[in-house]
Peer 1: 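My questions will all concern the structure given below.
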Amino acid sequence: MDERKLELKDLYFGKTDAYNELMETGSEQFEKSFWQNEQYDIEGFFNGTKYYIYGDKGTGKTAFLKYMECRLSDKPENLVIPIRYKSEFDSDDRKNLQKGFTNINIQEEVVDVADVSEIKDCINSWQLYLISRIIKGLKCKGEYQVFEYNKEYETLYKLIESVYSDETYRIIPQINKGLANINLSALSGINARVELEIGLEKEQKRVNYQKLAKKVIDLFGALDLVPDTYNNVWILFDELELSVQSKKTNKRDIQLVRDLILAIERLNNVCRNRNFPIHVIAAIRSEVINSVYSVGYEINKSVEDFGKEITWYIRGGKYEDSPLISMIIQKIRICEEKFNIKDEGDLWYKYFPKSINGMNSKEYVLRYTWHRPRDIVRLLNLAKENARKSSLFTQDIFDATMREYSQKSWVETSEELRLIYDANDLKAIKKLFTNISVPFTLGDLRSRLEQLGEIYDYVEKFNERYRLIDVLEQLFSVGVIGNSGQRMRFKFLKDDDLDPIGKMIIHTPLRNYFAVQSSRGDDNTVK
C-alpha cells in the first residue's frame, strides 16, 4: 500500500459557490469530484420526470445543475442553455416584466405593483422568454436540428426576432400600457391574420405584448419534429432567489418566481405531450417556495409532483454514514489520484485524527455545520489556511480556525435576515447574544434586552419595534437558535417549530462569534 500523503494545502475541497468551482477546475475535474447524494434522483431529471430541484441555501443545488451541465455537454447532440436568474436579470428587467401585464403605466416609485388589481400573471411572458432562448439557440447552433422549417416555424421565428432582435436576452422589451416596441423589419412577409392576432400597429412599430406572447406559445405547441432527430435541448435555470433589497422588491420577486415555476411546468407539459426533446430544469431555494406558499400562491402541486428536495441530514443515522463525510472522502481521493497516489485505505483518518476535543473527528466536523456542503467547504478551506505544511488536521488547527469560520457563518446568516432587520437591528441581535450563557430561557432574554435597552439606544429602539417571540422564531428559521434537551431541535434538522418555553441554545458554529459561555457540564451541541 502506498503510504504517501499530501500536505493539507494540496487538498482541494471546492468552493462555496459551485459556479466558481467549475470555472476554476474545468468541467472534467468538476464532474469527476461531484458527490452524487442518493436523494438527487439524477436519472429522474435526465429522463424528464423531474424538473425542480429545491432545498435550503448551500445544499448543493447549483452544484447539481452544473454537474448536469457537464454531463449533458459531453454529448455533442445536446444543446445546453444555462440561465442564472439572480445574475442575468437585473432590477430593470424584473420591473419591466411586471409592467408588461397591466393596462396602465405603473411607476414603481409611486405605486406598489403587487397591489394593482389590473395586473395579470407573468406566466405567458416567461414562456415567451424560454421559447425564444430555445429557438434562437437552435438558430445560433446550426448543427442542431429539432423542428421542421415550415410555415409555423417561420412565423414563430419572425415573431421572436421582432422582440428579441438583439442578443441581450432581456426578459421583455420596454412596455408602455401593454404595448411593446418591436423591430418591424423582422415581421416582413407575415400574413395579415397574424398581424391582427398580435395587435400589430405598423406606424407606431409596436404590438400588444400579451397577444404576441400567446401567439408564440400556440405556434410553438404546433411545431413538427424533424423525423428521427437525435438532438436535445436542455435549459438549466439556476438561482431562483428573492431580492432582499426591500420588502417591495421581495414581494415583486415572489410573483415573478411563482410564475416562472408555473411557466416551466406548462412548457415541459407541452414538450412531453408533443414528444419534443426539450427539458427545462430549475433550482429553487426552499425559502422561495415557502414565501410563495405563505402569500397563497398555488405551486405546491407542481413542486411536489415534479420536484426533488435536497437534504443532507439523515434523522436517526450515524455520523459515520453521513453523505457529507462521504463527499469529503471523495474529494480527498480525487486529489490523491491527481498526484498519482493510490491508497485504498481509510482516507478520512489518513488526514484527520481519531478525535478532536474529545469526540470523533467526523462528528466534530458535522457539529460545526448546518448539514450543508457549503459549510463543510468553508470550514475545511479555512482550516487548510491555518495548517501551513502539516499533513494532518489537528485540534490546534481547528481551534485557530473557529473564530473566522464563525464570523463568516454569521455574515452569511445575517444576509438572510436583512429583509426584516436593518443594520442597527442586527447590531442589537448581536449585542443580545454576545457573552450569553447557554442554555437560556425566554425570561433570560427578556431580562437581557431590558438591561441592554437602558444602555444602548439602538437596543431600546429594537425593543420598541419587535416582539421578542417573533425575533426568536425568525432566528430559529435561519438556524441561529434551537432548543436543547434530550434531542436538539433545529430547523435544519427538520424540526418545524421552536419551543419558546423550553431551554434554548445557539447553534455550535456561531458560538465563537458570540463568545457564548457554556454552563458547567453543558453539552448542548448538535449531534
Side-chain angles (χ1 to χ4, degrees), residues 77-83 88 93 96-97 100 122-175 179-202 204-235 237 263-264 266-280:
E77 65 268 24
N78 291 327
L79 170 61
V80 183
I81 305 173
I83 303 174
E88 291 192 26
D93 287 325
N96 290 337
L97 181 57
C122 309
I123 300 173
N124 283 354
S125 186
W126 278 123
Q127 289 185 88
L128 170 59
Y129 172 77
L130 293 170
I131 292 169
S132 74
R133 293 301 301 262
I134 294 167
I135 299 301
K136 291 180 78 69
L138 292 172
K139 179 69 174 180
C140 292
K141 302 289 186 178
E143 68 270 24
Y144 295 101
Q145 299 295 323
V146 173
F147 298 112
E148 291 275 14
Y149 192 85
N150 53 24
K151 182 181 295 185
E152 286 77 14
Y153 186 91
E154 182 181 9
T155 301
L156 172 63
Y157 188 83
K158 287 182 176 181
L159 292 177
I160 289 174
E161 190 70 12
S162 72
V163 180
Y164 297 99
S165 57
D166 58 28
E167 300 300 328
T168 59
Y169 292 122
R170 62 190 184 281
I171 306 177
I172 61 172
Q174 289 290 332
I175 300 292
L179 299 175
N181 295 329
I182 60 168
N183 175 14
L184 187 61
S185 63
L187 297 179
S188 176
I190 202 168
N191 68 50
R193 180 176 57 82
V194 174
E195 291 182 2
L196 183 63
E197 288 176 334
I198 64 175
L200 175 62
E201 299 178 4
K202 288 186 177 180
Q204 290 77 21
K205 297 181 181 180
R206 61 188 187 184
V207 297
N208 182 299
Y209 184 75
Q210 281 292 305
K211 290 182 178 180
L212 182 140
K214 186 178 185 305
K215 185 62 179 178
V216 167
I217 294 167
D218 291 342
L219 286 170
F220 179 78
L223 294 179
D224 294 323
L225 285 174
V226 172
D228 301 320
T229 181
Y230 59 88
N231 292 127
N232 297 271
V233 180
W234 298 82
I235 294 182
F237 225 122
I264 289 172
R266 291 187 185 182
L267 196 60
N268 279 325
N269 283 341
V270 170
C271 294
R272 182 169 53 249
N273 292 336
R274 294 298 317 281
N275 293 316
F276 293 169
I278 297 172
H279 307 273
V280 186

Peer 1: Taking Arg274 for its side chain and Leu223 for its backbone only, find out whether a donor-acceptor pair lies under 3.5 Å.
Peer 2: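 Answer holds: yes.
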
Peer 1: In the structure I gave you, are the side-chain heavy atoms of Tyr149 and Tyr157 within less than 4.5 Å of one another anywhere?
Peer 2: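 No, every pair of side-chain atoms sits at 4.5 Å or beyond.
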
Peer 1: Using a 3.5 Å distance criterion without hydrogens, assess whether the side chain of Asn208 forms a donor-acceptor pair with backbone atoms of Gln210.
Peer 2: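 Yes; at least one donor-acceptor contact below 3.5 Å.
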
Peer 1: Which value, rounded to the nearest 0.5 Å, describes the distance between Leu267 atom CG and Arg272 atom CZ?
Peer 2: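 Separation between the atoms: 11.0 Å.
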
Peer 1: Output all residues satisfying salt bridge (charged side-chain N to carboxylate O under 4.0 Å, His left out) with Glu148, sequence neighbours left out; order by chain, then residue number.
Peer 2: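 If we apply the salt bridge (charged side-chain N to carboxylate O under 4.0 Å, His left out) test to Glu148, skipping adjacent residues, there are no hits.
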
Peer 1: Run the numbers on Trp234 and Asn78 for side-chain contact (heavy atoms from CB on, under 4.5 Å), then give the verdict.
Peer 2: CA-CA 7 Å; Trp234 298 82; Asn78 291 327; 3.6 Å; yes

Peer 1: Working to the nearest 0.5 angstrom, can you tell me the gap between Asn232 CG and Phe276 CZ?
Peer 2: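 Going from the CG atom of Asn232 to the CZ atom of Phe276 covers 13.5 Å.
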
Peer 1: Just verifying a value: how many Å separate Lys139 NZ and Ile160 CD1, rounded to the nearest 0.5 Å?
Peer 2: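 Answer rounded to 0.5 Å: 12.0 Å.
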
Peer 1: Against Lys215, only a single residue in Ile217, Leu219, Leu212 fulfils side-chain contact (heavy atoms from CB on, under 4.5 Å); can you say which?
Peer 2: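 Looking at Ile217, Leu219, Leu212, the match for Lys215 under the side-chain contact (heavy atoms from CB on, under 4.5 Å) is Leu219.
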
Peer 1: Is any side-chain heavy atom of His279 less than 4.5 Å from a side-chain heavy atom of Ile235?
Peer 2: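 No; the side chains remain at least 4.5 Å from each other.
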
Peer 1: When you check the side-chain N and O atoms of Tyr144 and Thr229, is any donor under 3.5 Å from an acceptor?
Peer 2: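 Judged by distance alone, the side chains do not pair up.
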
Peer 1: Quick one: list whatever passes salt bridge (charged side-chain N to carboxylate O under 4.0 Å, His left out) with Glu195, sequence neighbours left out.
Peer 2: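 So Glu195 forms a salt bridge (charged side-chain N to carboxylate O under 4.0 Å, His left out) with Lys202.
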
Peer 1: Of all residues at least two apart in sequence or in a different chain, which pass the side-chain hydrogen bond (donor to acceptor under 3.5 Å, both in side chains) check with Glu201?
Peer 2: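 With neighbours one apart ignored, the set is Arg206.
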
Peer 1: Can you tell which of Leu156, Ile278, Asp224, Val226 makes a side-chain contact (heavy atoms from CB on, under 4.5 Å) with Phe147?
Peer 2: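 Filter result, single survivor: Ile278.
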
Peer 1: Show the numbers, then the answer: is there a side-chain contact (heavy atoms from CB on, under 4.5 Å) between Leu200 and Leu184?
Peer 2: CA-CA 9 Å; Leu200 175 62; Leu184 187 61; 4.1 Å; yes

Peer 1: Does a side-chain heavy-atom distance below 4.5 Å link Pro277 with Leu225?
Peer 2: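 They are in contact (side-chain heavy atoms under 4.5 Å apart), so the answer is yes.
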
Peer 1: Find out whether Lys211 and Val207 are in side-chain contact, i.e. whether some heavy atom of one side chain is under 4.5 Å from a heavy atom of the other.
Peer 2: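 Contact flag for Lys211/Val207 side chains = no.
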
Peer 1: Holding to side-chain hydrogen bond (donor to acceptor under 3.5 Å, both in side chains), I want the full list of residues that pass it with Ser185, two or more places apart in sequence or in another chain.
Peer 2: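 Asn183.
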
Peer 1: Pair Phe220, Tyr153 - check side-chain contact (heavy atoms from CB on, under 4.5 Å), show working.
Peer 2: CA-CA 8 Å; Phe220 179 78; Tyr153 186 91; over 6 Å; no

Peer 1: Is any side-chain heavy atom of Ile190 closer than 4.5 Å to a side-chain heavy atom of Leu159?
Peer 2: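 Answer yes - side chains close enough.
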
Peer 1: So, using salt bridge (charged side-chain N to carboxylate O under 4.0 Å, His left out) as the criterion, who are the partners of Lys205 when residues are at least two apart?
Peer 2: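 For Lys205 there are no salt bridge (charged side-chain N to carboxylate O under 4.0 Å, His left out) partners, ignoring immediate neighbours.
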
Peer 1: For the residue pair Asn124 and Ala213, what are the closest heavy atoms and their distance?
Peer 2: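 Reported closest heavy-atom pair: O-CB, 4.1 Å.
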
Peer 1: With sequence neighbours excluded, tell me which residues meet side-chain contact (heavy atoms from CB on, under 4.5 Å) with Asn268.
Peer 2: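 Asn268 satisfies side-chain contact (heavy atoms from CB on, under 4.5 Å) with Tyr51, Ile264, Val280 once adjacent residues are dropped.
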
Peer 1: Any non-hydrogen side-chain atom of Ile134 less than 4.5 Å from a side-chain atom of Tyr129?
Peer 2: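 Side chain of Ile134 against side chain of Tyr129, heavy atoms only: no contact under 4.5 Å found.
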
Peer 1: Taking Lys158 for its side chain and Ser188 for its backbone only, find out whether a donor-acceptor pair lies under 3.5 Å.
Peer 2: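 Such a contact is found between Lys158 side chain and Ser188 backbone.
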
Peer 1: Asn231 side chain to Gln145 main-chain N or O, any donor-acceptor pair under 3.5 Å?
Peer 2: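 Present.
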
Peer 1: Taking the basic N atoms (NZ, or NE/NH1/NH2) and the acidic carboxylate oxygens, is any pair closer than 4.0 Å for Lys136 and Glu161?
Peer 2: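 Glu161 and Lys136: salt-bridged.
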
Peer 1: What is the distance from atom OH of Tyr209 to atom CG of Leu128, rounded to the nearest 0.5 Å?
Peer 2: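 Between atom OH of Tyr209 and atom CG of Leu128 there are 4.0 Å.
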
Peer 1: Going from NZ on Lys151 to OG1 on Thr155, what distance comes out if it is rounded to the nearest 0.5 angstrom?
Peer 2: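 Atom-to-atom, Lys151:NZ and Thr155:OG1 are 7.5 Å apart.
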
Peer 1: Return the OG to CG distance between Ser162 and Asn181, rounded to the nearest 0.5 Å.
Peer 2: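 Going from the OG atom of Ser162 to the CG atom of Asn181 covers 11.0 Å.
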
